[in-house]
Structure formats: C-alpha cells, structure tokens
Amino acid sequence: MRFGLPPADGNRFASAWSELATVGRDQRRGGYSRHAFDDSEMLLREWFAEQAQRRGLDVEADRNGNLWAWWGAPGADAVVTGSHLDSVPGGGAFDGPLGVVSALLAVDELRLRGVAPAKPFAIACFLEEEGGRFGLPCLGSRLLTGAIDADHVRRLRDSDGLSVADAAARVGFDPSTMGADPARLATIGTFVELHVEQGRLLQSADSTAVVGVGSEILAHGRWCITVTGQGNHAGTTRPADRKDPMIPAAAAVLAARRVITEFPGAVATIGRITPIPGGTNVIASSVQLWLDVRHDSATVTANIVDTIVAAVRDEAELEGCTLRVHRESMVDRVAFDPGLGLQLSALLGAPVIPTGAGHDAGVFSAHVPSAMLFVRNPSGISHSPDEHADTADCLVGISALADVVEELVR
Ligand SMILES: [Zn+2]
C-alpha cells in the first residue's frame, strides 16, 4: 500500500477509543448493545457532537435521526463519510464506531496536511444501521433516501413493544418529520464509508493489505418464521400428544446449515429464536425464529428461503404444528460505483473485495457514487465481542480515509 504521510496520531485514536469503551457495555452478552434512541446510543451521539464541535464542525440532526457534522457550509456535490454508532446485541467495538472515529481523526490529519476542502464535506452517523432494536437494518439511510415508508417505520416495535415513534419522542426527536429527504440527498456528491472488515476476504485477496476497497454487497434478507403448536406440560404429555413447535424450529436451524453446501456462495443463519412462554418444564406453545439469508443473486436467495421453509413445513405437518412466514426485509445485490472503486483502489494501492454484510453505503449507492474502505480484521470475527482490528491497522485506515477525502474534496 502507498501512503504519502505517516499514520494518523495514535494518541488521539487511543483517547477517542477509550472514551467510547465504557458506553453501552452488555454485561450479560459481553461486548456492546447500543441501539437506536437508547441511553448508550444517545451518549454516543452527544460524544460525536462534542468531538465534531471541538473540531469546528457544524453539527445538525436531520429529519430521520441521523447526525451530520459539516466542515464548511453544507452545499451541493458534498463529499460525505461516516458510519453508525449502534451495534447488534452483544456486538463488537469496531462495527460502526470505527468509521465515525476514523472520519473525525481524518479531519485532524487533513488539517495537518493543510488541506482546505474545495467542496462541502460532512461526517454522518446513521440511525439504527444494525436493526438491533426495531428489526430493520439501515433505518436512517433508508428513510432519508426514501427506500422505506416512514409510516411503516414509525410503527415498528422493539422487544418491549415500544414503537419507533414513541422511542424517538421519548428522547425529544419528532418522529412526524421522518421520511424521504430529497433535498439533503441531492447535496451528496460522493459517499464513502470506512468499516472494519467482517470476514477475511481481504486476507485472501492480498495477505499484506491493511485496507481494501469494497466492490459489492451480496443480496440479503431477513424472515421471521412463527411455528405454532400446543403449550403443555413437559413431564406429563405423552409423545403422541405433543405438538412441540421446537421440533420444526430445529429443522429450520439444520436446513439453514444444509443450504450453505447446496447453494455455493450462499450463507443462511438462524441467530435468534424465541420460544413462548419459554419455561424449562414447558412445551412451547409457539416459537419465533429469524432467518438471515445472503447470496449474489436475489433469485437464488428466494430459492434458499423456499428450501428452508419447505423443510420446516414438512416437520410442522408431522408434529401437528402450523407455520407463518413473514419477510421483514430484502435488499438486492448492490454494486458500488466501479469508477470510484477503481479510483480509490489505485490511490491507495488497495485490493477490491466484496462483502456479505449490509451497510448504509449500500443504500446510498442507488443514488450517489458510493464506496467503502475495509480495515483488516485478523480473525474475521464480527457481530461478536471478539471483533477486533489492530490499532496500527486502524491508524492506517484513518490515513487511507484522509487520502481519499483529500482526493475527493479537490
Ligand atoms: Zn456496520
């Protein structure tokens, strides 16, 4: 890789990182649970606003709960970078915050280099990228771009039954303003998101590369499957009398693993399962499980879901249970702007790699030239407390982002 200047300041990175380290720790799951409009996410927003103001950036919230920090006046053909502050339940420290912290420190580095942007430049933090609280990923960017209906979003509920509208109002955000924001979208000329790599494709592409440039995001979707049986006593119910929804649920888990080998390039996961009522000595009356499927092709993704649902249905019939399948989200494959990708890859001497993870940059790429930078993650582990990137690599990422912004704001 080629970088003109020494890596970003390690002390400033360490101090920013230590300020975030205590916010939103999840004592039960490990790692972090930071979700839209909860206490920890609100603290992180305050932290971001303060950091941006300290750097002389003008901070504003948009109509959809996203935060923007402008270097200079907002305006047309803006270069925007940023990421998200929320996490999955029990997530790692890097997914999201690394892109935000790197953007702030890239501003410092650009100032050290004497760069004065000729174009408007902003750092953005997007609402509920992970869908960890309300179930739908990329809420902030999809609302802003009009990719999702605001009424639908306002009615989404968290696991305590609280709606997006009520959760927003509780922290002083007016949910009635949510919805497509074409005027703001029209000001974005280019969007670049720096992110910790999730997986190890960078290592396969080039074992020495610290930063990669994204080429595409696989098609991905989420489905909620509800299996209903008959709640009953675990000790007294004869096998023949059981209608145990956990049996078809188990078939779903096994089918999700099986399709990975049947459909090359596919991944399918059941990472969340809720038995009702959920007692050790109780046969569940119903089980809800959530299926996450990703593949290059939306058609193959649909075939995979059909295959898994058929396996659950067979088992449900044998067990005397019924089945309901609800698609919560589906996003087609996203190709990032190839010209921009090549430009950044040449600038940084970085390989170009795809990803199976969804991102706000994928949402924006339908509207404006968008790109992603991935920072090496040695184990590939993500969405887990074990997610990690070495500090030295994060500093290289900051310099790479500064190089990219310097090139784009000319
Ligand atoms: Zn992320």
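Since we're looking at a predicted model, the values are computed, not measured. Whatever order the structure lists ligands and atoms in, that order sets their numbers, starting from 1.
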Taking R34 for the side chain and S87 for the main chain, is one N or O donor matched with an acceptor at less than 3.5 Å?
no

The Zn ion (ligand 1) reached by E129 (N, O or S, under 2.8 Å)
no

The Zn ion (ligand 1) to nearest N/O/S of H359 less than 2.8 Å
no

Step through it carefully: locate the ring centre of F374, locate the ring centre of F336, and say whether they are under 6.0 Å apart.
no

Of all N, O or S atoms in D95, the one closest to the Zn ion (ligand 1) is OD1

Side-chain donor or acceptor of R133 paired with backbone N/O of A36 under 3.5 Å:
yes

Separation between CD (E128) and NE2 (H35), nearest 0.5 Å, reads 7.5 Å

Would you give the length of the straight line joining atom CD of E216 to atom CD1 of I353, rounded to the nearest 0.5 angstrom?
11.0 Å

For the Zn ion (ligand 1), give me the closest N/O/S atom belonging to H84, just the atom name.
NE2

What's the atom name of the N, O or S in H195 nearest to the Zn ion (ligand 1)?
NE2

